[in-house]
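Presented below is the structure to which this report refers.
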Amino acid sequence: MRRAKTPAAIGILAALGLLLFLLPLAGLIVRAPWSQAFGELADPTTTTALGLSIFCSLTATGFALLLGIPLAMILARTRGTLRNVLRALTTLPMVLPPVVGGVALLLAFGRRGLVGSLLYQAFGIQIPFTTAAAVMAETFVAMPFLVIAVEAGLLSLDHRYEEAARSLGAGYWRVFTRVTLPLLRPAIFSGAVLCWARALGEFGATITFAGNFPGRTQTVPIAVYLALETKPEAAITLSLILLVVSVAILIGMRDRWLGAL
Amino acid sequence: MRRAKTPAAIGILAALGLLLFLLPLAGLIVRAPWSQAFGELADPTTTTALGLSIFCSLTATGFALLLGIPLAMILARTRGTLRNVLRALTTLPMVLPPVVGGVALLLAFGRRGLVGSLLYQAFGIQIPFTTAAAVMAETFVAMPFLVIAVEAGLLSLDHRYEEAARSLGAGYWRVFTRVTLPLLRPAIFSGAVLCWARALGEFGATITFAGNFPGRTQTVPIAVYLALETKPEAAITLSLILLVVSVAILIGMRDRWLGAL
Amino acid sequence: GNPCGDGCHGQFSITVFAAASLQPPFDTIAARLRALGTTATFNYAGTQVLTAQLTQGAQADVFASADTAHMKTLEDAGLVDGTPQVFAHNKLEIVVAKGNPKGIHGLADLARTGLVVVLADPSVPAGKYAQQALQKAGVTVHPASLELQVTGVLSKVALGEADAGIVYVSDIVTSGKVDGVGIPDDQNVIADYPIASLKSAHQGARIFVNFVLSTDGQTILKAAGFEGV
Amino acid sequence: MLGPNGAGKTTLLRALAGLDDMEGRVVLDGEVLEDTIQGVHVPAERRHAGLVFQDHVLFPHISVVENVAFGLRAQRRPQPAALARRWLDEAGLGDHADAMPRALSGGQAQRVALLRALATEPKLLLLDEPLSALDVSIRAEVRRELTRQLGSFRGVRLLVTHDPLEAMALADRLVVLELGSVVQTGAPDEVTARPRSRFVADLAGVNLLRGHAHGDHVSLAGDALVAAAEAGSGDVFAVIHPRAVALYKTRPDGTPRNVWHGRVDSVDLYGGRVRVRVKGPVPLVAEVTRAAVQELGLASGTDVWMAVKATEVSVYPA
Amino acid sequence: MLGPNGAGKTTLLRALAGLDDMEGRVVLDGEVLEDTIQGVHVPAERRHAGLVFQDHVLFPHISVVENVAFGLRAQRRPQPAALARRWLDEAGLGDHADAMPRALSGGQAQRVALLRALATEPKLLLLDEPLSALDVSIRAEVRRELTRQLGSFRGVRLLVTHDPLEAMALADRLVVLELGSVVQTGAPDEVTARPRSRFVADLAGVNLLRGHAHGDHVSLAGDALVAAAEAGSGDVFAVIHPRAVALYKTRPDGTPRNVWHGRVDSVDLYGGRVRVRVKGPVPLVAEVTRAAVQELGLASGTDVWMAVKATEVSVYPA
Ligand SMILES: Nc1ncnc2c1ncn2[C@@H]1O[C@H](COP(=O)(O)OP(=O)(O)OP(=O)(O)O)[C@@H](O)[C@H]1O
Ligand SMILES: Nc1ncnc2c1ncn2[C@@H]1O[C@H](COP(=O)(O)OP(=O)(O)OP(=O)(O)O)[C@@H](O)[C@H]1O
Ligand SMILES: [Mg+2]
Ligand SMILES: [Mg+2]
């Protein structure tokens, strides 16, 4: 296809936009004490935090998929004001400053919280300060991205595929798993990537709701924050390691998953 | 259309997902000292912070539109690995812990930063700790949402509309403003909403890069953070005010803009 | 008398970078100074954020830190004008829920099983001091969380998630939502709060520093739970 | 089933398949599928109704053979893939079994969609304009395949089409739907011989007039009269085949008892012949030879006389 | 312009409109629009080429009149909206001027798309299967409108179609494209009288055979011989009209010099007549009456004899 030449103005604006992302990154890379990077990587604190971060963000993405896809399905078939209200509610965790999100989670699921107090009295279970709390905080903050992407995918889905499947005798679950989910794959995948990225960088809600304990709730962003306090260079290195890991995963997965359909 | 009955399992999962959003919100609402809410609203610190938050988040959204749409256009027509790399770069600010994002912005645009030092030496301009810095921090953190949404919109756009316009004699800018932008409106709008919501809740990068000066850089999330230190009830009230404002705007705008097309 | 000593005239407008925990007394001090013609603008944040901002070239006249280590960082970077002066001390206290339902009377009680204890991380000053205090008392606790800020400890106790923690006296005074259990002086650690005017600060900086060190300033700080110098 | 756009053909098929809400009763081979009054609704997946859409709607994410096997798997038949492959082989599509649907041409895809529906051995086969999305050049081929497949299919077949050729070629019985109700039904020959609506007349390619019969003539709205052999009485339809309409430059004197004046509206090539649409008190389409068009110098706007023998007008009650 | 799927018809139109990259030279009224060798490329927006797509592609976000006015505004004509409204009024679409495109029926939308292109008074009008997305029932009407509009249009018109009727009705000159190159060009009658490819023969509805001429007969691949009046010599095409093919149950004795045996492959209704496709050494399609089909009991699989008079075989060099 022959397109009109892109005017310089568009190119310049795009370049400015890209610079806004690239310059800070360049700043980090220039200032990072690369000689220490390997030492940092060998540090058990780093590897533990990295492992926990990856575990928590993937688990949170898993929960977001489990709860978010059904939620998006309900949203997509709701009509009128109710839908706008539900949608706005889903967008809330994005507007809420994460620290307040953490406080809100404490008020709901903490030892004295609305639901948490019942759990504590009945089973002696306390959610905060556990890895489960970190996963929950990340799910809370990151799930909206998945829900919004999947809902958009559902709205643009051609429902005749599902109808064809039903008329071929497929019941709900067969249609859902063999037709709906595969057709939604691009939307689910891009939503999951956004969700995962957001969960990986989550800090405010996690520290407030789950606290900070190495190996249990200390994810990389929290470790980075602590390192900023005592050894800022290490913090920068740690952030870069997080970036490299996530970029590698992003580039690696995108083609494999989005390319196929 | 007659759909298959939604199995209970889907409904239950969706309800669980919704509860994850609703319970914390309920927690906030139950615990908020409503008697103080009006006093809080009358407090000039609150109103100043709210005004600044709205100004900064809207301006940041404006910049994100100005830079992000061209960037998305370039991304949408790039192919192969370069595209994956550019896309991953655009997703970075989401993965980066916000405080590190703030440090990165300082390293790039601070008085001693890569570009900031040049600006300072040449013009005596210093970006950090100004309202401009707050806007920049919010743009940095929130723009990816817009870029991703607009790029997705561009990829699913039927380019024959643009071709038809060209063959009718419309030059680049006429096609862009009269055809491309109007057709992209739903994508641009939903991207802008996400971007705005994220900018409104931004805290870590803003406090690090722009500081915490009432009336200049103290947005609501920063005011909330400070209030958490000294008077937690006020922090909760303030968050709820932020929520109400943003939900009102979200519900109000959605129908007007998305309904039309 | 004149709080700023000699050579203090006219209208000044200064910028103060101060640790977030200093907000209540410093806001009062600013109100008093404004009556005398000096307007102070504050940038309250965590000490380490402020340090990062200052080393990256932030323009400020006064820096009030919650510990000496960060002040030292700035001194080493050549950003401090003159010698920093300690303007307040803060002692540690055990923070418990209102009414002390768990009956905690000393550091030794923190080692009890079934008690949820939250401390600050050893890499932040409050955490480091708490660690020292526990060492002096010969107590080993298993904290549920190592908070990044003192306020994290405070709010977890205030919200009932934790049964006890170790914070500064001033935090408990400011909060009003929790009770404090004193730590004997032989186990306690005293935190120093240094203040300094910065390079290229103008004259108003001295006025602020002097007021903080004056009797009036010290009274305000004491009311907020700090110990004077 | 035939009907103009928006008549409700698709809606009816979807309701029969259980995909749309409806009011009424559907009984197939004695089994009640739907009964609003008694509150019966058999869900789509248990109706054994095969549905073929206008544009194939093959599942894009699985191979052709898996598409055909989809319904077999849903029915838990043994060896679904092998069975699906057999269906494809029989239809001469075996080579494409492992291709993805997007690699097929439009005609192949539509044939696979038909096989996918047939493979489940439905009791009811619903086809919604299965050929209309195809190019004219491959339509004939797919129509042949469809005829063959439908011929050997034993259940009830319901085909929606816009195309009269298709309807005549494939149908045992025509149902004409207009504005949501059935207006005419019967064997193809019957229906086209006695059209009861403009739509059917257009499909059959004949002129339809409506009027009131008085023994040997029919009076139309606007005072025009049409002489007919045995008109009967009451409200009637009158049908005149375009081939029966002769055109003249001047008023003809002759046996034809119907002679009207008019003005040529359009001239269209139609196969080897030409269809001339004439406006006037009795608007008709005449089918004449190319030679006649040149001889009479017919073009849009020309004044002409039309003559029709009374015996060529067939009249039946409205 | 005609051609099978994937022949490159759309690609050619797009290249002419300046929307696709191409190699070669395009000259319109003496103005060089494209010349790869000299590096000339006039961008699409300055070519004055009106393009009409298969499915209208009206801008969905502006009203019908604004759609028509779009090109006028781009050309900075005075009073674009009033002018656009005039075009719509003339075409009888004035009532829909303020409607949004999605409120139009398919036929109306396509007519508006045509007006949108015509309103800019292009020097070159490119139409890519403008009728193929329409229902059969409204296609005739839009075709009439198209004929009228194209008749009064003075620039170069290039119409792509799959439909032979459409081609005959609208074209002054046919261009047949296959596999990216022009295979035949000329007036419609010439092209259909002497098809040079299976595609054209199918369109013309005739049987095309290819072989080697030896005076009074043509030998086909596979040893079959076709007697023809004046075959000439060398590689030739032979054309036989389906109406010239007679069918018999037993081997006929008579004047026709060409008698072949075959087996019926399919029987299709075609208007009032029936087309019988026969497989055999010389595969042909015969057009016979319905009565003949019943009399001979023709069905798929029946053995038949075909007879064709030598004078009905027209032969011309390949
Ligand atoms: N019997 C009916 N009862 C209620 N609504 C009807 C009925 N028939 C048709 N409709 C309505 O008419 C509209 C058009 O119907 P439908 O799409 O079935 O027409 P169609 O005959 O398939 O047209 P096309 O030829 O364009 O495919 C639909 O919105 C449908 O809801
Ligand atoms: N002359 C050519 N040079 C290079 N590529 C060509 C040429 N002609 C056709 N193609 C390629 O063939 C493919 C099909 O072409 P195109 O879509 O133009 O076919 P078409 O004749 O319009 O088919 P349809 O009848 O299905 O619309 C395109 O991918 C095009 O790139
Ligand atoms: Mg339909
Ligand atoms: Mg094409």
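This structure is a prediction, so every number in the text was calculated from the model and none was measured. Every chain is numbered from 1, with letters handed out A, B, ... down the list of sequences.
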Query - Considering all heavy atoms, the nearest F59(E)-Y161(B) contact - result: CE2-O, 3.3 Å

Report summary line: Distance col, row E163(B):CD vs D20(E):CG, nearest 0.5 angstrom, shows 7.5 Å

Query raised in the report: Atom CZ of R116(E) and atom OG of S167(B): how far apart are they, to the nearest 0.5 Å?
Result: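 Going from the CZ atom of R116(E) to the OG atom of S167(B) covers 7.5 Å.
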
**Report entry** Most contacts with chain B, counted as non-hydrogen pairs under 4.5 angstrom, among L72(E), V52(E), L58(E), T120(E)
**Finding:**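 Answer, by heavy-atom pair count under 4.5 Å with chain B: L58(E).
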
Query raised in the report: For chain B, which residues from residues 73-95 of chain E lie under 4.5 Å away (heavy-atom distances)?
Result: R73(E), A74(E), R76(E)

Query raised in the report: Which one, L168(B), V175(B), D158(B), leads in non-hydrogen pairs under 4.5 Å with chain E?
Result: L168(B)

Query raised in the report: For L82(B), does the CG atom have more than 12 heavy-atom neighbours from other residues, nucleotides or ligands under 6.0 Å away?
Result: yes

Report task. Step through the shown structure and confirm whether more than 12 heavy atoms of other residues, nucleotides or ligands are within 6.0 Å of CZ on F63(B). Result -> no

Report task. Indicate yes or no: does E45(E) engage R174(B) in a salt bridge with an N to O separation below 4.0 Å. Result ->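 No, no charged N to carboxylate O under 4.0 Å.
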
Query raised in the report: So what's closer than 4.5 Å to chain B heavy atoms on I62(E): side chain, backbone, both or neither?
Result: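 I62(E) has no heavy atom closer than 4.5 Å to chain B.
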
Requested in this report: Under 4.5 Å heavy-atom distance to chain B, tell me which part of F53(E) shows up: side chain, backbone, both or neither.
Outcome: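 Answer is side chain: those atoms of F53(E) sit under 4.5 Å from chain B.
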
**Report entry** Side-chain heavy atoms of R166(B) within contact of L51(E), under 4.5 Å
**Finding:**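 Heavy-atom side-chain distance check fails, nothing below 4.5 Å.
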
